[in-house]
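Report on the following structure.
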Amino acid sequence: MCQMFQKKIKTHNQLNHGWCVKSMYGLVSEKTRKEVTSKGSGGMEVILSSLENAQDLQTTLNILAILNELICVCLGGGRRTGVFVSKGGTAILLQMLVSSSKNPPANEELMLHIHTLLVKVGPKDRKFGVKSRLNGALNVTLNLVKHNLQNHKLLLPCLQVLRVYSSNLVNAVSLGKSGALEIMFEIIGPFSKKSTTLMKYVVSVLCVCSSGMNARRAVDRGYLPTLLSIYQDWHRHDTRHRHVVIRKSILACIKNLTNIKLGRKAFIDANGMRILYNTSTECLAVRTLDPLVNTSSLIMRKCFPKNRLPLPTIKSVFHHPLPHIAAGGPVAQLYNQPPGVDDVVDESDENEATEVDTENETEYEDDETEDLLTPKPDESPLELDSISISKRPEGTADHDLVCSLGRLVVDAGVNGGSVDGLQDEGGEQAVLEVPDTAALLPLHDPDLYLEMVKSTRSVPAYTEVAYPDYFGHVALNLREPILERVYGVQRTKIFQDIERLIHSSDILDKVVYDLDNQRSVFIDNGESLKFNSKFESGNLRKAIQVRKFEYDLILNSDINSNHYHQWFYFEVSNMRPGVRYRFNIINCEKSNSQFNYGMQVLMYSVQDAINGSPHWVRTGSDICYYKNHFSRSSIAAGGQKGKSYFTLTFTVTFQHKDDVCYFAYHYPYTYSMLKMHLQKLSALRTAQIYYRQDDLCETLGGNSCPLLTITAMPESSSNDHISQFRSRPVVFLSARVHPGETNSSWVMKGTLEFLMSCSPQAQSLRESYIFKIIPMLNPDGVINGNHRCSLSGEDLNRQWQSPNAELHPTIYHAKSLLQYLRATGRTPLVFCDYHGHSRKKNVFMYGCSIKETVWQTNANTSTCDLQEDLGYRTLPKLLSQMAPVFSLSSCSFVVERSKEATARVVVWREIGVQRSYTMESTLCGCDQGKYKGLQIGTSELEEMGAQFCLALLRLRRYTSPLELQNHNSHLLDTENDLIDTRGIPNITSPTTYVLEEDEPAFLEEVDYSAESNDENDPDLEPDLQDNLALLDPSSDSEFSRQDSVN
Ligand SMILES: [Zn+2]
């Protein structure tokens, strides 16, 4: 044997020069030698045929030895392996393996050769898994392993082949059934410097064979504690970290077993949490051990017992009785749920529920559950005195100062104020100055704000006013960069969460704020923060002190629903300056967030405001967003599988003692603030400006929904001027249908201020159009701190197809107005609904294009045949040229089925507005343009609103009916030049298809979920169903009328 190997090595080079050399071995028959030497014949075929026809063992062995030499990865064997596979070599080897096993004991040399070859060719043969199973080779190799546990020379290639077999899932299951796990557990052992290669293959076979259906088998055999102790042993002894691969494979086995419920139980019973927590903590310092820490963290999060939120029910604390309930609708469904459905009872064996984005979810509301907090319908409006900003009891001089916006005395703890006049529960009285924001904020007036608050009707009958809304926010004159993510933050936070289980005695678990038990008195030892959000747009439901400086916060659901938690606005006081406080909002629902991509929360310090800095400021460090161990049952989740919640965590250090600070998801903009701004704007009216404010309708909550009409007064009463006045095209704008998207209100504020300004451009714009504006389509949602819905518990931007006059009055009347305009020949030239986007950067638009919709959904449709007026592209194109925050490449003109009932699509299809848009503003910041790398602020949002006006002014040039009369064709050409698709290279890029796409992956592997199949995050994939476009233009008479489609 030895001789032969030497001979082979000698001939190695010759072999590489030509097939004829093989004849030296005398293995090849005369006939085949001719074939080998003849030009163009396949040498491999010759060898394989020789192998098949070999009569004696020695010949077979020799041929196999040659093949082993030929198929050598290091010497260009890759191509030869391909030839070997394509000529059927795999099957020949497998058949040989099976047949020779029939006469035991099998020849060791033969088995060694065959397996060594299979290791090389298996991975190159795409059918290897099937072939090996069909030939019956799996058990032959497995038996060989079983009978040669001490024979490492043979064992190693056999294990390697097993590993290749089991990369096929069916084979892995089959091997498991045949006892592969048991055999591997005979080989596997404690740390040893010897045979680490062997160990590597044992654990890798174990790893694949312990997944899926075999996990149960492994858990039943009690392998989980064994794996844990083997892992500990390797952790302890592999001090120089040379065998991280083995250690990671052991963890991967544990991960497989914990995919099933029984495995998770076994893991907990075997003290797995503590073991993995301790080993990981010891690994933290060494960066190369990150894979171990990450896998451990994944296992621990998966095994962390699922809890329901610490709430009596996840249904909103507040309830608003509806005029009627649609049978079988979401409200009725929620109402019909049995009590206690929140309980987390259905922890399944599968890898957890699919995440569905709340953007596309249906909602579930409750109905007439008894609720002590429902306000009496005739509750009297607020008294100024009852507002928590109170006059100083002594001294009348201060009363005058209150009125003149001089000094105000406010309760140090704002939550002291109440209707009963129970102000100042022993807290220190601090004398605070009202910042003089009026000079900086022409539209703000604290007194006027309080006046407005009085007539605002909230479901909880709020009596308090948040300081930031009262004082006003002056945009910060500072750049606030998008944060760089610090490596390892998420991991640290998750480990701190896991510590709660491991060191449970360290956890305070002290409830310090609770809307569900408003009458309970919290013991104040001065060591806890005070929370409050009983003011307009506030929505904190519960605060629990977890550790000395750490709080879990729970947000209230939208009224008449049991979810939609994203927006937040609350107040904190009684803080210690200079201490790092960690806040965790633990019932977030979206599966990803811009908080993972550099966005910070907003904070407003009353002390800073009084000291001359009345700003909402981006704040917080160690910010991250990840799936936690709280979940709700499938019933509560509306038939989906039990759904996990997500934690937003951030850390803040307060600067001042006795401060009152506010936190918000984005710059707050209340309904009362809108009313104040409108009143201030109306005062800007001049003789040239036509400004009119009507009530569109009354909302479910009894608030009025303002409708504005702004244009220029006719220059004179001459016929020409009156005629021009009447023929101005209508521009219809709306905002804030989604209450959590406060950014849309700031953009709207910018638009309104521009429209009411006295600049020549504003005058020119007013002379060009008649503006119909509904600045807040969902006042009730805004007032009550909802994120998405109105008081009916429904997303109003999904009701445009058939709005109900009683349940969706603002939408019903807005649509009626649009229908009226159309009926009177005043179909708007532009319709735009302002929104905020929580997952993308910049500002962009969604429009409606038949052509793009066809193009996106049906690649075979020849779009060349489809004629479409491309006018809808003009406005976004102009905006991209004028507004630095606007990004054309983020725009999309596809009409998705899931958006069928939105304002944009309904106004386009039913009203026939070709330029019908949703304008989305980021909540985070910009990654292009002048503000690249910066978080967005109110001044950028307002600037966007003003630039939208300027773009409309330019649009007029292309669309003015007067000019069209004279230069119709010429101007259309110009417009088409401007919107030439060649100038918009990215407009149909694939990103338009993935509308809710997340950000790209990070350097640090950001693990949002605790599941093993993160790469299959359905959030990242467009729902094809949703993207099946509305392809029925023929039924759309309005659209056909505009001849946009032939
Ligand atoms: Zn929205």
Side-chain angles (χ1 to χ4, degrees), residues 356-363 537 539 558 561 563-568 588-590 592-594 599 664-669 671 674 705 732-749 751 774-782 784-790 792-801 803 808 810-811 814 831-848 885-886 890-892 894-896 898-908 916-924 936 941 944-945 948 995-998 1026:
V356 182
D357 186 358
T358 49
E359 295 273 357
N360 296 320
E361 256 174 49
T362 49
E363 56 278 358
S537 297
N539 68 342
D558 281 9
S561 92
H563 64 132
Y564 300 109
H565 323 108
Q566 192 172 344
W567 163 256
F568 57 86
C588 300
E589 289 175 287
K590 289 214 167 192
N592 195 357
S593 163
Q594 283 288 322
M599 183 165 84
Y665 178 64
H666 197 75
Y667 301 89
Y669 192 104
Y671 171 68
L674 171 72
C705 178
F732 200 111
L733 306 176
S734 59
R736 208 69 189 282
V737 71
H738 294 142
E741 295 163 6
T742 56
N743 45 359
S744 67
S745 279
W746 291 99
V747 177
M748 182 54 86
K749 177 171 180 270
T751 296
I774 306 171
M776 194 174 277
L777 274 168
N778 188 357
D780 292 344
V782 170
N784 293 292
N786 283 8
H787 175 66
R788 186 105 184 148
C789 302
S790 74
S792 74
E794 292 164 292
D795 180 344
L796 288 181
N797 204 32
R798 295 293 185 277
Q799 311 302 330
W800 280 80
Q801 272 181 324
H808 324 114
T810 59
I811 305 304
F831 171 85
C832 187
D833 191 20
Y834 294 2
H835 281 251
H837 203 287
S838 65
R839 305 221 258 160
K840 282 183 164 184
K841 296 201 165 71
N842 312 310
V843 177
F844 52 94
M845 276 178 155
Y846 294 137
C848 303
V885 293
F886 196 88
S890 301
C891 294
S892 168
V894 178
V895 181
E896 315 86 347
S898 65
K899 304 287 174 70
E900 200 171 6
T902 62
R904 163 179 62 107
V905 178
V906 170
V907 171
W908 173 64
S916 179
Y917 309 99
T918 299
M919 186 161 77
E920 300 271 3
S921 301
T922 179
L923 290 156
C924 177
I936 203 150
L941 292 166
M944 180 66 230
F948 185 84
L995 294 178
E996 310 297 345
E997 69 179 354
D998 283 339
D1026 280 351

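Counting starts at 1 for both ligands and their atoms, following the listed order.
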What atom name does the N, O or S atom of His835 nearest to the Zn ion (ligand 1) carry? ND1
Quick one: side-chain contact (heavy atoms from CB on, under 4.5 Å) partners of Ser745, sequence neighbours excluded? Tyr669, Arg736, Met776
Looking at the Zn ion (ligand 1), is there an N, O or S atom belonging to Glu741 that lies under 2.8 Å away from it? yes
Ring centre gap for His837 and Phe844 strictly below 6.0 Å: yes
Residues at least two apart in sequence or cross-chain that pass side-chain contact (heavy atoms from CB on, under 4.5 Å) with Ala903, listed by chain then number, are Asn797, Trp800, Phe831, Asp833
Is there an N/O/S atom in His738 that lies less than 2.8 Å from the Zn ion (ligand 1)? yes
Over all heavy atoms of both residues, which pair between Tyr834 and Leu733 is shortest? Give the atoms and the distance, please. OH-CD1, 3.9 Å
